[in-house]
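Proteins come first, then strands; the chains are lettered A, B, ... in the order of their sequence lines, and each starts at number 1. These values consider heavy atoms only, across backbone and side chains, with no hydrogens, waters or symmetry-generated copies.
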There are 2 protein chains.
Amino acid sequence: MLSDVMEDYLKAIYQLQRETDERIKTSAIAEELDVTSPTVTSMLDKLEDRGLVDREKYRGVTLTGEGETVALEVIRHHRLLEAYLTEHLDYDWAEVHEEADRLEHHISENFEARVADALDQPTVDPHGSPIPSADLEPPERPDGESVTEFEEGDVVIVEEVADRDAEVLSYLADHGVEPGVELEIIEVAPFGMVTARSSDRDGTVSLPESVAHHVRVAAPAEIEQ
Amino acid sequence: MLSDVMEDYLKAIYQLQRETDERIKTSAIAEELDVTSPTVTSMLDKLEDRGLVDREKYRGVTLTGEGETVALEVIRHHRLLEAYLTEHLDYDWAEVHEEADRLEHHISENFEARVADALDQPTVDPHGSPIPSADLEPPERPDGESVTEFEEGDVVIVEEVADRDAEVLSYLADHGVEPGVELEIIEVAPFGMVTARSSDRDGTVSLPESVAHHVRVAAPAEIEQ
DNA sequence: ATTTAGGGTTAGATGGGGCTAAATCAAGTG
DNA sequence: CACTTGATTTAGCCCCATCTAACCCTAAAT
């Protein structure tokens, strides 16, 4: 049996691996989970003992297959919960993350299955993030890329808004940046800020680099393949 | 902030108090929660420090007003979850308890409110147990009494089936003993076993004293007041 | 009033998860 | 190629919830 905290570490390592392709460093995990480095080190010891991470001292960790499966299970729970809360319990897009974060460790296989049934086996959550399938096979890397990769004049469709901060998400929703909307890129500033026009709102919206980075979009043509 | 485990202790003490009117003994709590007595003693120390129980060493505890409020909150969560799971997620009467037990500590006020809304502010759970109101005022003692208090020939309505064992509940459901059904008492054996005929099934059903004790019923006349 | 049975409490250990301070390693710099 | 810098690990501590073993209190029985 794994503790909630261990599941959180595995999930964090998984998410960090999606971003970098490199071994994950102690300090990155510490920052992600808001704990100190020594705490991370000692937890990595335990995860290594259980065969959930591959570790090279002083050089970071990667998940083993088993560790990845656990991470995918937790993420499946999380995203199913987010979807269920928005669709059946009237939750707002911005507030589901926190609730799902607490519940994800405490639902049974049975609960997971019933929620998935109620939603008709969904494949994405309300933020456009892919929900791992029930078999917990590592999912494909999704289409599209960060909106920061595009240029003035490009027209793109928002695929995913991966930010976890409720305030940021509320702001984005208010300014028409949600999965499914069309954005026309107006400007990409040298310091990374993206300004765009949403098909959903009048006026424009500007996103600092740190926010824009979490907005994954695809060119319409790319989608049709 | 209270830990999950502290909440469990307060809930257990509350439930035990409903049954006895006396101070609750260490050993009773230990049995209820399946831990050893020393473990209970040390937890009672902590609960006393926080003003949640009144304690007399060697003589047991009672809940303070504050402790009772916490217990009621947990029980409200538990019973709302049970009701929600059966009504909206296709759970069976018998299997909700376990799931609710794990989730009850991890839902927010917001979640509680949305679930209560979805169920239209229910007042009883699927077992007929009263759901504490949102203000967490100590509820009235419900009508009726244990079916063991009745006699051959009495006709009663089942109000509550308070057993927590899934196997027992399945058995009872299969034999027509659920909240709302009418029972005609056929026999009360000297060792406490109750035999009855359910309005819901052919044949009779016999309940050993330990099970019958958890079946609260009311005489039809009593209900109409 | 003394004894005794049985439960309650104290003592001390364990494992989980966290911290700070000190030591150590990896890498880039002079 | 030695050195400095910055991150990582080790060492040692804390609190929580649990256990077993040992001790002690209460109440009932003699």
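- With no hydrogens or angles considered, a side-chain donor-acceptor pair links A:Asp117 and A:Gln121 at under 3.5 Å.
- Classified by interplanar angle (parallel below 30°, tilted 30° to 60°, perpendicular above 60°), the ring pair A:Trp93/A:His127 is tilted.
- Side-chain contact of B:Asn110 with B:Ser108: a donor-acceptor pair under 3.5 Å is absent, judged by distance alone.
- Rounding to whole angstrom units, NZ of residue A:Lys25 and C1' of C:dA26 are separated by 11 Å.
- Residue A:Ser42 is out of contact with every strand shown, counting any heavy-atom pair closer than 4.0 Å.
- Taking atom NE2 on A:His105 and atom P on C:dG16, their separation rounds to 17 Å, with Å as the unit.
- Look at CG on B:Asp45: it is 11 Å from P on C:dA11, rounded to the nearest Å.
- For the 3.5 Å distance criterion, the side chains of B:His77 and B:Glu73 qualify, holding a donor opposite an acceptor.
- Separating the CG atom of A:Leu44 from the C1' atom of C:dG17 is a distance of 13 Å, rounded to the nearest angstrom.
- The CG-P distance, from A:Asp49 to C:dG16, rounds to 10 Å in whole Å.
- Between the CD atom of A:Glu56 and the C1' atom of C:dA26 there is a distance of 13 Å, given to the nearest Å.
- With 3.5 Å as the limit, one finds no donor-acceptor pair spanning the side chains of B:Asp125 and B:His78.
- Contact annotation: B:Arg59 side-chain N/O to C:dG8 OP1/OP2 distance is not under 4.0 Å.
- Across all strands shown, A:Ser3 has heavy atoms under 4.0 Å from sugar-phosphate atoms exclusively, and none from any base.
- Bracketed by its first and final contacts, the part of DNA chain D lying under 4.0 Å from non-hydrogen atoms of chain B reaches from D:dA17 to D:dA27 in 5' to 3' order.
- Side chains of B:Pro130 and B:Thr123 form no contact here, defined as non-hydrogen atoms less than 4.5 Å apart.
- Taking side-chain N and O atoms only, A:Thr39 has a distance below 4.0 Å to OP1 or OP2 of C:dC19.
- Here the rule is side chain to side chain contact (heavy atoms under 4.5 Å, CB included) with A:Glu99, and of A:Asp101, A:Val96, A:Leu103 only A:Leu103 fits it.
- Residue A:Thr36 has a polar side-chain atom (N or O) positioned under 4.0 Å from OP1 or OP2 of C:dC19.
- At a threshold of 4.0 angstrom between heavy atoms, the contacts of A:Arg50 are confined to the sugar-phosphate backbone, with no base atom among them.
- The CD-P distance, from B:Glu31 to C:dG8, rounds to 11 Å in whole Å.
- Contacts of A:Lys57 with the nucleic acid, taken as non-hydrogen atoms under 4.0 Å apart, involve only primed sugar atoms and P, OP1 or OP2.
- Rounded to an integer number of Å, the gap from CE of A:Met1 to C1' of C:dG16 is 15 Å.
- Within 4.0 Å (heavy atoms only), B:Ser27 reaches sugar-phosphate atoms of the nucleic acid but no base atom.
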